[in-house]
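Everything on this sheet refers to the single structure shown next.
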Protein chains: 2
Amino acid sequence: MARITGSSGERTAAAIRQAALRLIHEQGFAAMNLRELAAAVGISPASLYNHMTTKQSLLFDLMLEHMTALLEQTDAALAAAGPEPLARLEAFIGHHVLYHLERKREVYIANFELRALNPANAMQIVGMRHEYEARLIGLLKDAAAAGLLRLGDARITAFAMLAMLTGVCTWYRPDGRLSPAELVALHTRLALEGVLRRD
Amino acid sequence: MARITGSSGERTAAAIRQAALRLIHEQGFAAMNLRELAAAVGISPASLYNHMTTKQSLLFDLMLEHMTALLEQTDAALAAAGPEPLARLEAFIGHHVLYHLERKREVYIANFELRALNPANAMQIVGMRHEYEARLIGLLKDAAAAGLLRLGDARITAFAMLAMLTGVCTWYRPDGRLSPAELVALHTRLALEGVLRRD
DNA sequence: CTCCTAAACGAACATATGTTCGTTTTCAGG
DNA sequence: CCTGAAAACGAACATATGTTCGTTTAGGAG
């Protein structure tokens, strides 16, 4: 056969990314095979290679797009939050939760398929993740310097907070009991105040 | 060739489990192939089947052993903690962190390779995980009923706490800067009191 | 209208991979 | 000491899988 009536490179490429997100999220990168991906898009396995160079690069592109968006949007949220340390911290938390609710598949893949990347690609993604973690560590240190936090260890505290806030990806469903806003509020309070009553 | 001098079924089976833990943790279940596993143990691929029925059952056995131990040890820790709600909650947290530091590979596998299990096996492991989550939800509700906690939503709070406490698995190394006891203390305070100063 | 490139296809290749089979040899129980 | 089960092996099978190749046709630039 040959080129299909109405076929468009841009549309097909987007469809491949969407289907790949779903399949990798469901089965994992190693378990997803390109024949199944091609079938999900509605093209032949060979046609995939008109839109990507290798399976590895497909994964890397997905991760890179996600990390770039995460860093950009975070900086935008912080810029909008103004200079007050606590407001900035809350802005970070709020954005993190909302982003992770919206793009749970991307996040899940970026977090758990790092080992599927080749060393060079992995290094780049890990670098961007470190940059993201550095944002939170900086915010914590600023707030602590302003006397607002009791901080045991900024780095470990940041890791623990990120783990908690990222946890929403594992169980959230859009049709769930709690709204995104409610989840933001709940996680913000948990991170800042814990569960203990304050009397 | 044939049976090796000094070979023992029990020892080989244990070596397979250990090597499988390492390889699955490093590469993921789907990416680990049995030839590499056999080489790590020092036997031929065919010999693996003297100690397991299928690759799938190997994964399931690892997960089942871990979940069983986790539930048993948790109950033991709670029994030792006595009746006071806050003491019980702290005992749960402390045990969870210590267990996850000690057995980070098992935990990682049980958490992130669920999708590699066939439906029947997955159901059993998910059931045990729900049981574990129910322990924490119960502790939170007890403490809240005693007026000790300010609880937005017991279920979501439990998920968030577990995500935070389980996070240690992703970055902990035995030769790291902080001792297990310090990590327990830090995470306990984070979970109970958050980061905000109390004045 | 013409022509080059983009985008698709079927077919095949080379390799990887879970698993089975028949065989051999050690070890432990009678 | 004998014998049967346990534990190992090499070899092979059947299938799955990432990728390439040559070909075909639609669509847009000139």
Side-chain angles (χ1 to χ4, degrees), chain A residues 1-24 26-63 109 113 115-118 120-121, chain B residues 1-24 26-63 109 113 115-118 120-121:
Chain A
M1 227 182 279
R3 184 166 180 175
I4 290 313
T5 304
S7 68
S8 148
E10 201 40 60
R11 244 183 305 143
T12 305
I16 290 175
R17 284 196 299 273
Q18 284 308 306
L21 279 178
R22 182 173 62 80
L23 289 173
I24 298 175
E26 283 172 9
Q27 315 178 5
F29 178 71
M32 175 199 71
N33 68 73
L34 295 183
R35 281 166 179 78
E36 191 176 0
L37 175 61
V41 179
I43 60 179
S44 77
S47 295
L48 289 174
Y49 286 83
N50 285 321
H51 307 279
M52 65 188 215
T53 60
T54 61
K55 189 190 181 192
Q56 164 81 201
S57 79
L58 170 64
L59 176 62
F60 177 65
D61 289 347
L62 290 175
M63 287 198 192
I109 292 170
E113 296 292 358
R115 57 189 172 189
L117 289 179
N118 67 38
N121 288 343
Chain B
M1 224 181 280
R3 182 166 181 175
I4 291 312
T5 306
S7 69
S8 149
E10 200 41 59
R11 244 181 306 141
T12 304
I16 292 175
R17 284 195 298 272
Q18 284 308 305
L21 279 178
R22 182 173 62 78
L23 290 173
I24 297 175
E26 284 172 10
Q27 317 178 2
F29 177 71
M32 175 200 69
N33 68 72
L34 295 184
R35 281 166 179 79
E36 190 176 1
L37 175 60
V41 177
I43 61 180
S44 76
S47 296
L48 289 173
Y49 286 83
N50 285 322
H51 307 280
M52 64 189 217
T53 59
T54 61
K55 191 190 180 192
Q56 164 82 199
S57 78
L58 170 64
L59 176 63
F60 178 66
D61 288 348
L62 289 175
M63 288 198 192
I109 292 170
E113 295 292 359
R115 55 189 172 189
L117 290 178
N118 67 38
N121 287 343

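To find a chain, count down the sequence lines: A is the first, B the second, and so on, and within it residues start at 1.
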Counting only side-chain nitrogens and oxygens, does A:H51 get under 4.0 Å of the OP1 or OP2 atom of C:dA6? no
Between A:S44 and C:dC9, is there a contact of a side-chain N or O with OP1 or OP2 at under 4.0 Å? yes
Kindly write out the residues that satisfy side-chain contact (heavy atoms from CB on, under 4.5 Å) with B:D61, not counting sequence neighbours, or none if the list is empty. none
Pull out every protein N or O sitting under 3.5 Å from an N or O of nucleotides 18-21 of chain C, one pair per line with the distance.
unit_1: C:dG18; atom_1: OP1; unit_2: B:M32; atom_2: O; d: 3.4
unit_1: C:dG18; atom_1: OP1; unit_2: B:K55; atom_2: NZ; d: 2.9
unit_1: C:dG18; atom_1: OP2; unit_2: B:L34; atom_2: N; d: 2.7
unit_1: C:dG18; atom_1: N7; unit_2: B:R35; atom_2: NH1; d: 2.9
unit_1: C:dG18; atom_1: O6; unit_2: B:R35; atom_2: NH2; d: 2.7
unit_1: C:dT19; atom_1: OP2; unit_2: B:Y49; atom_2: OH; d: 2.7
unit_1: C:dT19; atom_1: OP2; unit_2: B:K55; atom_2: N; d: 2.9
unit_1: C:dT19; atom_1: O5'; unit_2: B:Y49; atom_2: OH; d: 3.0

Roughly how many Å is it from CZ in B:R11 to P in C:dC27, rounded to a whole number? 10 Å
Please state whether the phosphate of C:dA7, meaning OP1 or OP2, lies under 4.0 angstrom from any side-chain nitrogen or oxygen of A:S47. no
Would you check if the side chain of B:E113 reaches a backbone N or O of B:L59 as a donor-acceptor pair within less than 3.5 Å? no
Would you be so kind as to tabulate the donor-acceptor pairs closer than 3.5 Å made by side chains of residues 29-38 of chain B, with sequence neighbours excluded?
unit_1: B:N33; atom_1: OD1; unit_2: B:R35; atom_2: N; d: 3.1
unit_1: B:N33; atom_1: OD1; unit_2: B:E36; atom_2: N; d: 2.8
unit_1: B:E36; atom_1: OE1; unit_2: B:Q27; atom_2: NE2; d: 3.4
unit_1: B:E36; atom_1: OE2; unit_2: B:Q27; atom_2: NE2; d: 3.0

Check whether any side-chain nitrogen or oxygen of B:T12 sits under 4.0 Å from OP1 or OP2 of D:dA8, and answer yes or no. yes
What is the distance from CG of B:L48 to C1' of D:dG10, rounded to the nearest Å? 14 Å
Could you tell me how far apart B:I43 (CD1) and D:dA7 (P) are, to the nearest whole angstrom? 11 Å
Can you find an N or O donor on one side and an acceptor on the other, under 3.5 Å apart, linking the side chain of A:N50 with the base of C:dA8? yes
Output every pair passing salt bridge (Lys or Arg N to Asp or Glu O under 4.0 Å) with a member in residues 12-23 of chain A, not counting sequence neighbours, ordered by first then second residue. A:R22-A:E26
Separation of atom CD in B:E10 from atom P in C:dC27, rounded to whole Å: 17 Å
The criterion is side-chain contact (heavy atoms from CB on, under 4.5 Å); which residues satisfy it with B:Q18, sequence neighbours excluded? B:L21, B:R105
For B:T54, enumerate each residue passing the side-chain hydrogen bond (donor to acceptor under 3.5 Å, both in side chains) test, keeping only those at least two apart in sequence or located in another chain. none
